[in-house]
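Both backbone and side-chain heavy atoms feed into the values below; hydrogens, waters and symmetry mates do not.
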Amino acid sequence: MHFAPDTEDTLNFMIDLVNTLPGASRSGTDELAQPAQLTTVLTRHGYSGRFDRDAKELAEVVEARALLRRVWSLAADDAVPLINQMFADANTLPYVTRHDQFGWHLHATESDAPLVERIVGEAAIALADVIRSQEWSRLRECAADDCDGVLADLSRNGSKRFCSVRCGN
């Protein structure tokens, strides 16, 4: 199963973001407790645009992380209203762009919009793409008993069950 490259990129970003939660992180602690930790996640995924790098922005992203974790646990029909609300809350007005090493892709909002709006808007686009493709079952919670992590199964046979080698070993 393959989605558009920007959808897969956003799914991977959401997974990394959600998997910073204490029950999902490698360290067992909140790996999004400091603005520098958020910067690390954003840099790893090539996020561009406005970054305030302050406590307010971090708190907004932590709240968005909880929202994304909640959406991940819902059935598709139950997720749709929440995704539609995400579009509205993020003032989403998608446009096609290319920059840096990325080819043509969608941005949900202008690059100077608050970070949380960009994260939530792009997440809503990616999640809507998964729903429209009738592949919601590819978004899963980790099967390890001691892990609260999430994953997107992009494998051909759809058999991925664990968020990392650590959980599936």
Side-chain angles (χ1 to χ4, degrees), residues 3-76 78-102 105-132 136 139-142 147-152 163-164:
F3 297 103
D6 53 334
T7 295
E8 289 187 16
D9 289 345
T10 302
L11 289 172
N12 287 325
F13 171 76
M14 287 188 287
I15 291 164
D16 275 2
L17 186 66
V18 169
N19 288 349
T20 62
L21 283 161
S25 70
R26 293 185 191 278
S27 67
T29 63
D30 186 348
E31 293 180 352
L32 203 60
Q34 301 293 324
Q37 292 172 304
L38 174 58
T39 298
T40 299
V41 174
L42 296 171
T43 300
R44 185 169 48 243
H45 288 276
Y47 243 80
S48 60
R50 173 182 158 193
F51 302 117
D52 296 340
R53 291 181 170 82
D54 60 17
K56 178 181 182 285
E57 181 176 76
L58 178 62
E60 291 170 345
V61 173
V62 165
E63 187 176 325
R65 176 182 66 176
L67 170 67
L68 295 176
R69 180 62 181 91
R70 181 171 163 236
V71 170
W72 218 272
S73 68
L74 297 174
D78 296 327
V80 169
L82 198 50
I83 292 167
N84 285 334
Q85 188 61 52
M86 290 167 62
F87 279 125
D89 290 346
N91 301 307
T92 307
L93 186 59
Y95 64 96
V96 178
T97 187
R98 67 177 169 190
H99 56 84
D100 304 319
Q101 77 274 15
F102 303 105
H105 61 282
L106 284 174
H107 275 210
T109 62
E110 293 297 326
S111 62
D112 62 345
L115 177 61
V116 72
E117 287 184 14
R118 291 183 287 130
I119 288 172
V120 170
E122 290 179 15
I125 290 171
L127 294 168
D129 196 22
V130 172
I131 285 178
R132 292 181 318 109
W136 191 257
L139 303 185
R140 301 187 184 134
E141 296 175 322
C142 184
C147 182
D148 294 327
V150 297
L151 62 107
C163 68
S164 70

(message) On a heavy-atom basis, which atom in Pro94 and which in Leu106 lie closest, and how many Å separate them?
(response) CB-CD2, 4.3 Å

(request) Only counting residues at least two apart or in another chain, list the ones meeting side chain to side chain donor-acceptor pair (under 3.5 Å) with Asp6. (result) none

(message) Just verifying a value: how many Å separate Leu17 CG and Ile119 CD1, rounded to the nearest 0.5 Å?
(response) 6.0 Å

List the atom pairs, donor and acceptor, that lie under 3.5 Å between side-chain atoms in residues 79-91 and the rest of the protein, sequence neighbours left out.
unit_1	atom_1	unit_2	atom_2	d
Gln85	NE2	Asp89	OD1	2.7
Asn91	ND2	Glu117	OE2	3.4

(request) Output all residues satisfying salt bridge (charged side-chain N to carboxylate O under 4.0 Å, His left out) with Glu31, sequence neighbours left out; order by chain, then residue number. (result) none

(message) Using the side chain to side chain donor-acceptor pair (under 3.5 Å) criterion, which residues pair with Arg26? Sequence neighbours excluded.
(response) none

(message) Per the salt bridge (Lys or Arg N to Asp or Glu O under 4.0 Å) rule, what does the pair list look like for residues 118-132, sequence neighbours excluded?
(response) Asp129-Arg132

(request) Specify the closest pair of heavy atoms between Cys147 and Cys163, including all atoms of both residues, with the distance to one decimal. (result) SG-SG, 3.6 Å

(request) Run through Leu127, Ile131, Val71, Leu151 and flag the one making a side-chain contact (heavy atoms from CB on, under 4.5 Å) with Leu139. (result) Leu127

(request) For residues Ala24 and Asp148, report the shortest heavy-atom separation together with the two atoms involved. (result) CB-C, 3.8 Å

(request) Taking side chain to side chain donor-acceptor pair (under 3.5 Å) as the test, write out the residues that go with Thr97, two or more places apart. (result) none

(request) Go through the steps to decide whether Thr20 and Asp16 satisfy the test side chain to side chain contact (heavy atoms under 4.5 Å, CB included), and finish with yes or no. (result) CA-CA 7 Å; Thr20 62; Asp16 275 2; 5.9 Å; no

(message) According to side chain to side chain donor-acceptor pair (under 3.5 Å), who are the partners of Thr39, at least two apart in sequence or on a separate chain?
(response) Arg53

(request) Identify, with sequence neighbours excluded, every residue that meets ring-ring contact (aromatic ring centres under 6.0 Å, His included) alongside His45. (result) Phe13

(request) Mind listing the closest non-hydrogen atom pair of Ser25 and Thr29 along with its distance? (result) OG-O, 2.6 Å

(message) Checking the side chain of Arg69 only, and the main-chain atoms of Leu21 only, is there a donor and an acceptor separated by less than 3.5 Å?
(response) no

(request) Could you walk me through whether Val61 and Val41 pass the side chain to side chain contact (heavy atoms under 4.5 Å, CB included) test, one step at a time? (result) CA-CA 11 Å; Val61 173; Val41 174; over 6 Å; no

(message) Restricting to non-hydrogen atoms, name the atom on Leu74 and the atom on Trp136 that form the minimum distance, rounded to 0.1 Å.
(response) O-NE1, 2.8 Å

(request) Could you tell me the separation between the CG atom of Leu32 and the OG1 atom of Thr40, rounded to the nearest 0.5 Å? (result) 9.5 Å

Please set out all donor-acceptor pairs under 3.5 angstrom arising from side-chain atoms of residues 107-116, sequence neighbours excluded.
unit_1	atom_1	unit_2	atom_2	d
His107	NE2	His99	NE2	3.1
His107	NE2	His105	NE2	2.9

(message) With salt bridge (Lys or Arg N to Asp or Glu O under 4.0 Å) as the rule and sequence neighbours excluded, what pairs involving residues 57-67 come up?
(response) Asp30-Arg65, Lys56-Glu60

(message) Could you report the tightest heavy-atom contact between Asp100 and Ser48, atom names first, then the distance?
(response) OD2-CB, 4.4 Å

(message) More than 12 heavy atoms of other residues, nucleotides or ligands under 6.0 Å from CZ of Arg70: yes or no?
(response) no

